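The structure under discussion appears below in the form of structure tokens.
Source: prediction; values computed, not measured.
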Amino acid sequence: MDEFGTTAGASGGPVPDQLRSLFNHPDDVRVQELPCALPGFGSLAVHFGAGARTVPHQHHNGQHLVFVEGVGVVADEGGVHVVRVGDVVSNPPGAWHWHGATPGAAATHVTFEAPGDFDLDVERRDWDDTYGPDLGT
């Protein structure tokens with residue numbers, strides 16, 4: 001094993017300036033860089049406070065999410081999905097989606113993606129309407 005990182009007991013640091021526009025409440029999100037020896041990919045642990053989530057976006061090269069704590073939510077072309085610890089979501093290249101924590105619970109996921117490969121210039125669609133206070137309960 002060449003590099004090692006853990007999310008156990010970690011809370012990460014403030015969202016970097018270049019990523020703040022990706023989140024609805026960036027002050028309720030913490031980001032932790034993780035080692036990643038995969039060529040062309042980076043890995044982050046993203047710690048969402050209850051109610052914090054990304055705005056709709058897409059990754060030109062796709063994104064892989066592994067939920068490691070709490071109760072999360074992922075929305076894609078197929079609807080809004082509540083996800084829990086151990087769930088894995090693989091967003092294909094160019095897929096519209098958003099993700100984060102449910103209104104009543106914090107969540108943490110680990111991402112694998114090409115660094116900086118996200119586009120916020122996408123439709124909001126029903127982003128505001130599908131995130132009610134009872135989601136995930």
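Proximity of Val73 to Tyr131: side-chain heavy atoms (C-beta onward) are separated by under 4.5 Å at one or more points. Leu65 is listed as a side-chain neighbour of Asn91, based on a closest heavy-atom distance under 4.5 Å. At a threshold of 4.5 Å between non-hydrogen side-chain atoms, the residues His57 and Gln63 count as touching. For the pair Leu34 and Gln32, the minimum side-chain heavy-atom distance is below 4.5 Å. Here the side chains of Phe23 and Val55 are not in contact, with every heavy-atom distance at 4.5 Å or above. Two residues are said to be in side-chain contact when any heavy atoms from C-beta on lie closer than 4.5 Å; Leu120 and Leu22 meet this criterion. Two residues are said to be in side-chain contact when any heavy atoms from C-beta on lie closer than 4.5 Å; Pro56 and Arg125 fail this criterion. At least one side-chain heavy atom of Val71 sits under 4.5 Å from a side-chain heavy atom of Val82.
Nearest approach of Asp121 to Asp119, heavy atoms of both residues: N-OD1, 2.9 Å. Taking both residues in full, the closest heavy atoms of Glu77 and Trp96 are given as OE2-CB, 3.7 Å, listed atom of the first, atom of the second, then distance. Shortest non-hydrogen contact noted between Gly132 and Pro103 is O-CG, 3.2 Å. Closest of all the heavy-atom pairs between Pro26 and Arg20 is CG-NH2, 3.6 Å. Between Ala50 and Gly104, the shortest heavy-atom contact is CB-C, 4.1 Å. Among all heavy-atom pairs drawn from Pro35 and Ser43, the shortest one is O-CB, 4.2 Å.
If you check the side chains of His81 and Asp87, you find no donor sitting under 3.5 Å from an acceptor.
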Check the pair Ser11 / His47 against side chain to side chain donor-acceptor pair (under 3.5 Å), numbers first and verdict last. CA-CA 7 Å; Ser11 63; His47 308 274; over 6 Å; no
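Side chain of Asn24 to main chain of Gly51: a donor-acceptor pair is present (N/O by atom type, distance under 3.5 Å, no hydrogens or angles). In this structure, the side chain of Trp127 engages the main chain of Thr54 through a donor-acceptor pair within 3.5 Å. Not a single donor-acceptor pair under 3.5 Å links the side chain of Asp28 to the backbone N or O of Gly49. In this structure, Thr111 contributes its side chain and Glu113 its backbone to no donor-acceptor pair below 3.5 Å. A donor-acceptor pair under 3.5 Å is absent between the side-chain atoms of Glu33 and the main chain of Gly12, judged by distance alone.
Taking the six-membered ring for Trp and thresholds of 30 and 60 degrees, His97 and His99 have nearly parallel ring planes, at less than 30 degrees apart. The aromatic rings of His64 and Phe112 are tilted relative to each other, their planes meeting at an angle between 30° and 60°.
Val29 and Leu44 fall within the same hydrophobic cluster, defined by Ile, Leu, Val, Met, Phe, Trp and Tyr side-chain heavy atoms under 4.5 Å apart, directly or through other members. No continuous path of ILVMFWY side-chain contacts below 4.5 Å connects Val85 to Val66, so the two sit in separate hydrophobic clusters. In the hydrophobic clustering of ILVMFWY residues, with side-chain heavy atoms under 4.5 Å counting as a link, Phe118 and Val46 come out together. With hydrophobic clusters built from ILVMFWY side chains whose heavy atoms lie under 4.5 angstrom apart, Val122 shares a cluster with Leu19.
A salt bridge is absent between Arg84 and Glu69; no separation between the charged side-chain nitrogens and carboxylate oxygens falls under 4.0 Å.
For the side chain to side chain contact (heavy atoms under 4.5 Å, CB included) with Val80, the lone residue among Val74, Thr130, Asp126, Asp129 that qualifies is Thr130.
The cationic group of Arg53 does not satisfy the cation-pi geometry with Phe48, failing either the under 6.0 Å distance to the six-membered ring centre or the 45° limit from the ring axis.
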